[in-house]
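Below you'll find the structure, written out as structure tokens, and then a few comments.
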Amino acid sequence: MIANFFSKIRIIITDPSLRRRVLFVLIILALFRLGSSVPIPGVDEAALARFFSGNQFFGLLNVFSGGGLANLSILMLGVGPYITASIVMQLLTIMFPSLKRIYHEEGEAGRRKFIQYSRLLTIPLAIIQGFGLLALLENQGVIVHLTMLARLFNVVTVVAGSVLLMWLGELVSEYGIGNGVSMIIMAGILASMPAAAGSILVNFDAGQLPIYIASLVAIVAIVAGVVVITEAERPVPVTYAKRVRGNKIYGGMSTYLPIRLNQAGVMPIIFALSILLFPQMIATLLTRFDNAIITGVSDFVLAVLNNSWLYAAIYFVLVFAFTFFYSAITFDPESMSENLQKSGAFIPGIRPGRTTAAYIAKILYRLTFIGALFLGVVAMLPLIMQAITGIAALAIGGTALLIVVSVILEFDKQIEGQLSMREY
């Protein structure tokens, strides 16, 4: 494995195309980290440190923002608004058949149009999220009380930073290697890991040594499980019918259709965090109002989400549901059956057409159930450990670890694909 790793590094360095793509990704991520260190005006650093100490909710939000929230930087919103916009657009494809036709039937042009709609929706969502978050932080004393013009300037700044980050992520996806949004989130997580590890070492308690050992074992198990589930696939046998043209016989060969156990990758975790963190932020903001009904509702929402067990259960359900949802929109059994039929291929023992689509869908649902169950358990396990041990860093670290491992595996597959193209 180590030899294979160094072999890939050598190929990346010597191959001009791969070297250019990897360097482009590194430059974009360096720009992202540079922007994450530029704070907005009016930040009280001492109050900010007190506010973030032991706050699990904003710790997760900081992970999701790519690390920009911890400094209240110009990129503090991260790619959250863009991901939320993508989720909304994907949900709208279920409600509006015209959007579904654009996404599935119009090819690359339709997908570009769909992405453009997501970009436009990102701006109002970023304005709402930026205004709410800044108002909340100002009420908590993290940001000094500013004039209306200064508040407007901060909102415009963080919205522009989110749009800039969305653009940088798309540049990485187009000209670099891997998914740009996932790479940005991973870069923020990796940048915050040394500080998190240092905090654990500073607060190390010898009496809790068994807990730390158990946590280390859980981390190794999570990494191994993510690798196994991500790489696992179910081969569906496919045979091409023989065709006679002139004196030559075409087809007759057998191959297989690989269906991955986890079609969705890391996206269900990101989607679930996006949905789960948004009501917490709104409810926390509404607690500052004087209206008894509003404060009662917000207190109830916060009480539910602050309960570790309920929080873990809701997190599990969201990850489980989004795994099915994302697999359904990215893998269409009917389209796959139609393509097989057009190319003269069939699954042995299965009639072409709707029967083939139903057979593929049955396999997909079974595999997705296993993948969704695994992702939900892995996402919930660190929260349960945090509830038992009282160490808040475990909950944040578990989710971050899951994202990092999945993104690295996807990046490795992209490298393998580029190397295969290089061989051809």
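Given the structure is predicted, the values throughout are model-derived calculations rather than measurements.
Of all the heavy atoms in Met89 and Ser118, the pair that sits closest is CG-OG, 3.3 Å. Taking all atoms of both residues into account, the shortest heavy-atom contact from Glu174 to Arg21 is O-NH1, 4.2 Å. Across Arg260 and Leu367, no two heavy atoms sit closer than the pair O-CD1, 4.2 Å. Minimum heavy-atom separation, Arg351 to Thr356: O-OG1, 2.6 Å. What you find for Ile177 and Leu18 is that their closest heavy atoms are CD1-CD2, 3.8 Å. Gly371 and Thr323 get closest at one heavy-atom pair: C-CG2, 4.5 Å.
Thr84 contributes a side-chain N or O that, together with a main-chain N or O of Gly80, makes up a donor-acceptor pair within less than 3.5 Å. Between the side chain of Ser162 and the backbone N or O of Leu77, no donor-acceptor pair lies under 3.5 Å. Looking at Ser173, its side chain never comes within 3.5 Å of a backbone N or O of Asn179 through a donor-acceptor pair. For the pair Ser37 (side chain) and Leu34 (backbone), a donor-acceptor distance under 3.5 Å is present.
Within the 4.5 Å cutoff, no side-chain heavy atoms of Val172 are placed close to those of Ile184. The side-chain heavy atoms of Val319 and Phe374, taken from C-beta on, include no pair separated by under 4.5 Å. Here the side chains of Ile314 and Val317 are not in contact, with every heavy-atom distance at 4.5 Å or above. Here the side chains of Pro268 and Leu375 are in contact, with some heavy-atom distance below 4.5 Å. Considering only heavy atoms from C-beta on, Ile259 stays 4.5 Å or farther from Glu233 through its side chain. Within the 4.5 Å cutoff, side-chain heavy atoms of Ile83 are placed close to those of Ile185. In this structure the side chain of Ile40 reaches within 4.5 angstrom of the side chain of Leu134, judged on heavy atoms. Inter-residue side-chain proximity for Arg234 and Ile363 is flagged as met; some heavy-atom pair is nearer than 4.5 Å.
For the atom pair Leu72 CG and Ser36 OG, the distance stands at 12.0 Å (nearest 0.5 Å). Taking CZ from Arg151 and CG from Asn154, the interatomic distance works out to 10.0 Å, rounded to the nearest 0.5 Å. With rounding to the nearest 0.5 angstrom, the OG1 atom of Thr157 is 9.0 Å from the CG atom of Leu152. Interatomic distance, CZ of Phe114 versus OG of Ser86, reported as 8.0 Å (0.5 Å rounding). Expressed to the nearest 0.5 Å, how far CG of Leu121 lies from CD of Gln116 amounts to 11.5 Å. Put simply, CG on Leu31 and CD1 on Ile27 are 7.5 Å apart, with the number rounded to the nearest 0.5 Å.
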For this session: Decide side chain to side chain contact (heavy atoms under 4.5 Å, CB included) for Val79 and Met166; before the verdict, give the C-alpha distance in whole Å, the side-chain angles of both, and the deciding distance to 0.1 Å.
Result: CA-CA 6 Å; Val79 290; Met166 172 187 70; 5.6 Å; no
For this session: Let me see the working for Tyr359 and Val236 under side chain to side chain contact (heavy atoms under 4.5 Å, CB included), right down to the final yes or no.
Result: CA-CA 10 Å; Tyr359 179 75; Val236 178; 4.1 Å; yes
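Between Phe320 and Phe324, the ring planes are tilted. Angles from 30° to 60° get that label.
Glu170 and Tyr82 share a donor-acceptor pair across their side chains, judged by distance under 3.5 Å alone.
For Arg19, the CZ atom counts as densely surrounded, since its 6.0 Å shell holds more than 12 non-hydrogen atoms of other residues, nucleotides or ligands.
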